[in-house]
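What you see is a predicted model; the values in this text were computed from it and never measured. All values below come from the heavy atoms of this structure, side chains included, with hydrogens, waters and symmetry mates left out.
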Amino acid sequence: MKQGSAGLPDVQTHPMDWIRETDLITKRRNDPSLPLEPDRRGSRGQPESFFEFVLNPAALQETVALRRISCVDHYRFSCLLEVMLVEQDFESKWITLGSEEQTRHFIAAFQRLEHPANFGGMGSMGLKMDIPELCLDELLGPSRDGRGFFDLLKLFLLPNNQEAPKQPFVLQNAGFDALIGWKPDDTSVNRKTYHVQRGSERTRYILLFLRFDIASLEGRDPRIVTHNNFCDACLKPEDETNNGEMNVCSQCSAIGRHVRYCDRKCQQDAWKIHKRSCGKPLEAGTALQDVPSRETSSRPDIPPIVKGYHRSAHLLRQISRLNVNREVDYVVAALAPAHVEYLMYLRNPHSAASFMVMREYAMSSVGPRAEAGLLYVYRSLQTWISTHGVVTEEVLRNQLRREYGATFDNVLVALERGERPMLEETVSREEIDKVLGHLKTLGRFKEQLKNYVSGAGESWIMILRAGPNKDVCVSFHYPFDLYFSASAPS
């Protein structure tokens, strides 16, 4: 049998042998019941001087570039996943392939990743042996139907596809942390920088594997930006420019940093962000700062998520549609065969503000508060569709189930038992001021909000009821003067 690197079978000629052998090594290295194996790069247990040495200026520049590329690639991939999962029913298509066909695409992805000419020698770094998530039985899942691959794929959905991440996503793995000797309470900036870099490399390998698997399935060649030479503004690779060479920032070049631009326009576009670090040497601490990103068009009323919560692709699509329709409170979609969207507007600031608070609870977490928020959203949408006759109750339920998953199922189960998930507390004035500020920023209710000042004036407890039978209510502290200057609730 032809041998590849490190005495392994050659993945290009004997891929299944290579997968079997690397899976055995990976499982042994990540088995907590066995003695801890050496780190491939010998970093575990090293003194501070080791990390000072390996984080030389060239390595720091490589780290900064890798972090930038990782953020951009993750953003593009998440946008692609949203389209695939919402519009193309990728989940059903993937599961129906069967394990044999799925494995064929796994092989194609590994062969692309492990080719010595690709991606700065990722294959020669032995990254596969640090990624138990890519063992064949993990990818196929307990039922051997490819569910493991699909579940891994969903972890790369961003919370909001209107915003590129400012920090690279690092897929956590306790076994890997132990192998490289990383402890979360370590206060050394150099060790943290080094270990975050290692985690980013591992995660990037996984992301590229997922992208190549999908590309193999679709019969195409994905555009992948490497962290070699690229435009700092638009990320176009250097060999795709008109003459194959890019302009460099002279001040950065003078100190050994390489910052490139396609042309004068890209350099001017990037200056607002680049000027913060132009001509300055990189340090370990600066390598972990937020990755510079361009201006975002995301609505201010889209909440961040609670740590550990993952939004579905269909909820990301709802957020995307809300960003396109900035004065809309919710988008109800009738899918195949009609593919029609209906836009819900609420007619006064207090109705909109209460809906936005409850929608925020539903969109950002799971648990009792999320269920109470989603019930209020559901009842408000029920009233709206019955008034306007746009879609059926079944269509609405199917949409909310796709968007919120188990949270909506829990709401329906509670309703069937005659219970209604409700907030136990009154929504605070601070929360109401925040969403009223968003409404003002979005340009809604201009006349009613023209004199509104956040935090000013007295509050009173206001109660709004939702649903065709007005059986769900929310109480909140609302600006007294603003309520009486607005029109009565619709």
**Asked** Can you find a pair of side-chain heavy atoms, one from Arg326 and one from Pro300, that are under 4.5 Å apart?
**Response** yes
**Item:** Heavy-atom side-chain contact between Leu207 and Thr203 under 4.5 Å
**Value:** no
**Smallest separation among heavy atoms of Gln399 and Ala333, with atom names** = OE1-N, 2.9 Å
**Asked** In Å, rounded to the nearest 0.5 Å, how long is the span from CE of Met344 to CG of Leu381?
**Response** 5.0 Å
**Prompt:** Is there any side chain to side chain donor-acceptor pair (under 3.5 Å) pair reaching into residues 142-156, and which pairs are they, with sequence neighbours excluded?
**Reply:** Glu91-Arg147
**Request:** Check for a donor-acceptor pair, side chain of Thr96 on one end and backbone N or O of Lys93 on the other, with a separation under 3.5 Å.
**Result:** yes
**Request:** May I ask you to test the Arg402-Phe408 pair for a side-chain heavy-atom distance under 4.5 Å?
**Result:** no
**Prompt:** With sequence neighbours excluded, what pairs up with Arg465 under the salt bridge (Lys or Arg N to Asp or Glu O under 4.0 Å) test?
**Reply:** none
**Request:** I would like to know whether Tyr342 and His388 meet ring pair (Phe, Tyr, Trp, His ring centres under 6.0 Å); could you show each step before the answer?
**Result:** CA-CA 10 Å; Tyr342 302 97; His388 295 83; 9.7 Å; no
**Asked** Going by an N to O cut-off under 4.0 Å, is there a salt bridge joining Lys183 and Asp177?
**Response** no
**Message:** What I want to find out is whether Arg299 reaches Asp301 closely enough, with some N-O distance under 4.0 Å, to be called a salt bridge.
**Reply:** yes
**Asked** Looking at Tyr361, does the NZ or CZ of Arg369 lie under 6.0 angstrom from its six-membered ring centre and within 45 degrees of the ring axis?
**Response** yes
**Asked** CG/Leu316 to CZ/Arg321 distance, rounded to the nearest 0.5 angstrom?
**Response** 13.5 Å
**Message:** Under the salt bridge (charged side-chain N to carboxylate O under 4.0 Å, His left out) definition, can you give me all pairs with a residue in residues 371-389, not counting sequence neighbours?
**Reply:** Arg379-Asp471
**Prompt:** Would you say the side chain of Leu449 lies within less than 4.5 Å of the side chain of Leu482, judging by non-hydrogen atoms?
**Reply:** yes
**Asked** With Tyr376, which residues qualify under ring pair (Phe, Tyr, Trp, His ring centres under 6.0 Å), at least two apart?
**Response** none
**Asked** If every non-hydrogen atom of Glu403 is compared with every non-hydrogen atom of Tyr330, which pair is closest and at what distance?
**Response** OE1-OH, 2.6 Å
**Prompt:** Which atom names give the shortest non-hydrogen contact between Met363 and Tyr309, and what distance separates them?
**Reply:** O-CE2, 3.2 Å
**Prompt:** Going by atom types only, do Asp433 and Tyr452 share a side-chain donor-acceptor pair under 3.5 Å?
**Reply:** yes
**Item:** Separation between OG of Ser70 and CZ of Phe77, rounded to the nearest 0.5 Å
**Value:** 13.5 Å
**Message:** When you compare the side chain of Leu436 with that of Tyr478, does any pair of heavy atoms fall below 4.5 Å?
**Reply:** yes
**Message:** Suppose we screen for side chain to side chain contact (heavy atoms under 4.5 Å, CB included). Which residues come up paired with Ser216, at least two apart in sequence or across chains?
**Reply:** His105, Ala108
**Prompt:** With distance as the sole test, does Ser351 use its side chain to make a donor-acceptor pair with the main-chain N or O of Asn348 at under 3.5 Å?
**Reply:** no
**Prompt:** Centre of Phe176's six-membered ring, under 6.0 Å away, within 45 degrees of the axis: is that where NZ or CZ of Arg202 sits?
**Reply:** yes
**Message:** Going by the rule side-chain hydrogen bond (donor to acceptor under 3.5 Å, both in side chains), which residues pair with Ser188 if we only count those two or more places apart in sequence or in a different chain?
**Reply:** Glu48
**Message:** Whether Arg40 and Asp130 form a salt bridge (side-chain N of Lys/Arg under 4.0 Å from carboxylate O of Asp/Glu) is what I want to check.
**Reply:** yes
**Request:** In plain terms, say whether Asp329 and Arg444 are close enough for a salt bridge, that is, a side-chain N and a carboxylate O under 4.0 Å apart.
**Result:** yes
**Item:** Listed partners of Glu360 passing salt bridge (Lys or Arg N to Asp or Glu O under 4.0 Å), at least two apart
**Value:** Lys434
**Residue pair Leu152 / Leu171, side-chain heavy-atom distance below 4.5 Å** = yes
**Request:** Could you list the residues that satisfy ring pair (Phe, Tyr, Trp, His ring centres under 6.0 Å) with Phe51, not counting sequence neighbours?
**Result:** Tyr194, His195
**Asked** Residues in side-chain hydrogen bond (donor to acceptor under 3.5 Å, both in side chains) with Asn173, at least two apart?
**Response** Glu133
**Asked** Parallel, tilted or perpendicular: which fits the ring planes of Phe90 and Phe149, with parallel below 30° and perpendicular above 60°?
**Response** tilted
**Item:** Heavy-atom closest pair, residues Pro165 and His74
**Value:** CG-ND1, 4.3 Å
**Asked** Can a donor-acceptor pair be found between the side chains of Gln197 and Thr63 at a distance below 3.5 Å?
**Response** yes
**Prompt:** Side chain of Gln167, backbone of Leu288: donor and acceptor closer than 3.5 Å?
**Reply:** yes
**Asked** Has the side chain of Asp213 got a donor or acceptor atom that lies under 3.5 Å from a matching backbone atom of Phe209?
**Response** no
**Request:** Answer yes or no: is there a side-chain heavy-atom contact under 4.5 Å between Thr392 and Leu396?
**Result:** no
**Asked** Side chains of Gln102 and Ser99: donor-acceptor distance under 3.5 Å anywhere?
**Response** no
**Aromatic plane relationship, Trp94 with Phe106 - under 30° parallel, 30 to 60° tilted, over 60° perpendicular** = tilted
**Prompt:** Got a sec, which residues hit side chain to side chain contact (heavy atoms under 4.5 Å, CB included) with Ser365, two or more places apart in sequence or on another chain?
**Reply:** Val306, Ala370
Listed pairs under 3.5 Å, donor-acceptor, residues 453-463 side chains, sequence neighbours left out:
from: Ser459; atom 1: OG; to: Arg429; atom 2: NH1; distance (Å): 2.5

**Asked** Is there a donor in the side chain of Asn161 and an acceptor in the side chain of Ser78, or the other way round, less than 3.5 Å apart?
**Response** yes
**Request:** Drop me the distance from Leu217's CG to Leu97's CG, to the nearest 0.5 angstrom.
**Result:** 5.5 Å
**Request:** Evaluate the side chain to side chain contact (heavy atoms under 4.5 Å, CB included) criterion for residues Val411 and Leu400: first the C-alpha distance (whole Å), next the side-chain angles of each, then the deciding distance (0.1 Å), finally the verdict.
**Result:** CA-CA 11 Å; Val411 168; Leu400 295 178; over 6 Å; no
**Asked** Considering all heavy atoms of both residues, which atom of Leu158 and which atom of Tyr75 are nearest to each other, and what is their separation?
**Response** CD1-CA, 3.6 Å
**Request:** Step through the shown structure and confirm whether more than 12 heavy atoms of other residues, nucleotides or ligands are within 6.0 Å of CD on Glu419.
**Result:** yes
**Item:** Salt bridge flag under 4.0 Å for residues Arg44 and Glu37
**Value:** no
**Item:** Any donor-acceptor N or O pair under 3.5 Å, side chains Thr407, Asn410
**Value:** no
**Request:** Assess Lys128 against Tyr205: is NZ or CZ under 6.0 Å from the centre of the six-membered ring, and within 45 degrees of the ring's axis?
**Result:** no
**Message:** When you compare the side chain of Asn190 with that of Thr193, does any pair of heavy atoms fall below 4.5 Å?
**Reply:** no
**Request:** Sequence neighbours left out, what passes salt bridge (Lys or Arg N to Asp or Glu O under 4.0 Å) with Glu82? Give chain and number order.
**Result:** Arg317
